[in-house]
Amino acid sequence: MLRYKILKCESNLKDKNQKTYSMVEIGTELGKFTGIAYLHEGDDFSNFLGCSIAESKAYRKYLKRKIANTKERIIELKNLMKMLDCCKRHNRKSFESRRIWRRFCELREELDTYISLYDSCSAATETNLAKRDKVIRDLKTSASTRRKK
């Protein structure tokens, strides 16, 4: 997991259309990223859930930037390797060439890791929301059956 620090966490905020939302801002080596989670109609608001979803959104924005930066670095290394291959005196077995190739492979592995982190973060958020919806339905059902008795 990549490191970040929560800089700001606010909930029960209202926008200009009077919609309730939570906002989380995280700080990383790439800068600040903000996630906002809106309350859906008919949903009971949970400060913790709203902030955790907003944090997840900010983290996914950060991962998107990491993925884009890593892709850019991979392209740069590919171009460098192509340029070196055009030189007559270039030796693919030299220390420098092998180091460039090794770094290229490391970046591809990093990219795969960031993509899988992004996918798992998205899936975890959806799973948590589905679980929460089921728990709320079960609680409402059990509360209504208690009232009937």
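- Looking only at side-chain heavy atoms (C-beta outward), M81 and I100 come within less than 4.5 Å of each other.
- T127 places a side-chain N or O within 3.5 Å of a backbone atom of A123 that can act as its donor or acceptor partner.
- One finds the CG atom of L111 at 11.0 Å from the CG atom of N69 (value rounded to the nearest 0.5 Å).
- Sequence neighbours left out, the pairs with a member in residues 68-102 that pass ring-ring contact (aromatic ring centres under 6.0 Å, His included) are W101-F104.
- Considering only heavy atoms from C-beta on, I67 comes within 4.5 Å of I115 through its side chain.
- A salt bridge does not link E76 with K71: every distance from a Lys NZ or Arg NE/NH1/NH2 to an Asp or Glu carboxylate oxygen is 4.0 Å or more.
- When side chains are defined from C-beta on, I6 does not count as touching E25, because their heavy atoms never get closer than 4.5 Å.
- Note: Y59 and Y4 meet the aromatic proximity criterion, with ring centroids under 6.0 Å apart.
- Using modelled atom types and a 3.5 Å distance limit, the side chains of E10 and Y21 yield no donor-acceptor pair.
- Using a 3.5 Å distance cut-off with no hydrogens or angles, the side chains of E109 and Y114 do not pair a donor with an acceptor.
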Derivation and outcome, side chain to side chain contact (heavy atoms under 4.5 Å, CB included), residues I26 and K5
CA-CA 5 Å; I26 62 172; K5 183 177 182 179; over 6 Å; no

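- Rounding to the nearest 0.5 angstrom, the gap separating the CD atom in E29 from the NZ atom in K66 is 4.0 Å.
- The 12-atom threshold is exceeded at CZ of R60, counting heavy atoms of other residues, nucleotides or ligands nearer than 6.0 Å.
- Note that CG of D112 and OG1 of T70 are 10.5 Å apart. Values are rounded to the nearest 0.5 Å.
- Between Y62 and K57, the closest side-chain pair of non-hydrogen atoms is not below 4.5 Å.
- The CG atom of L107 lies 11.5 Å from the CD1 atom of I75; values are rounded to the nearest 0.5 Å.
- In summary, E110 and R103 engage in a salt bridge, as defined by a charged side-chain N under 4.0 Å from a carboxylate O.
- Under a 3.5 Å cut-off, the side chain of S94 and the backbone N or O of N91 do form a donor-acceptor pair.
- Counting only heavy atoms from C-beta outward, the side chains of K14 and K19 never approach each other to under 4.5 Å.
- Smallest separation of non-hydrogen atoms from S22 and S11: OG-CB, 3.3 Å.
- Between the side chains of T113 and S116, not a single donor N or O lies within less than 3.5 Å of an accepting N or O.
- Note: the hydrophobic cluster containing L7 does not contain I36 (ILVMFWY, side chain heavy atoms under 4.5 Å, direct or indirect links).
- Distance check: C51 SG to I53 CD1 gives 10.0 Å after rounding to the nearest 0.5 Å.
- Taken from NZ in K8 to NZ in K32, the straight-line distance is 7.5 Å, to the nearest 0.5 Å.
- Side-chain contact between T34 and V24 is absent, with no heavy-atom pair separated by less than 4.5 Å.
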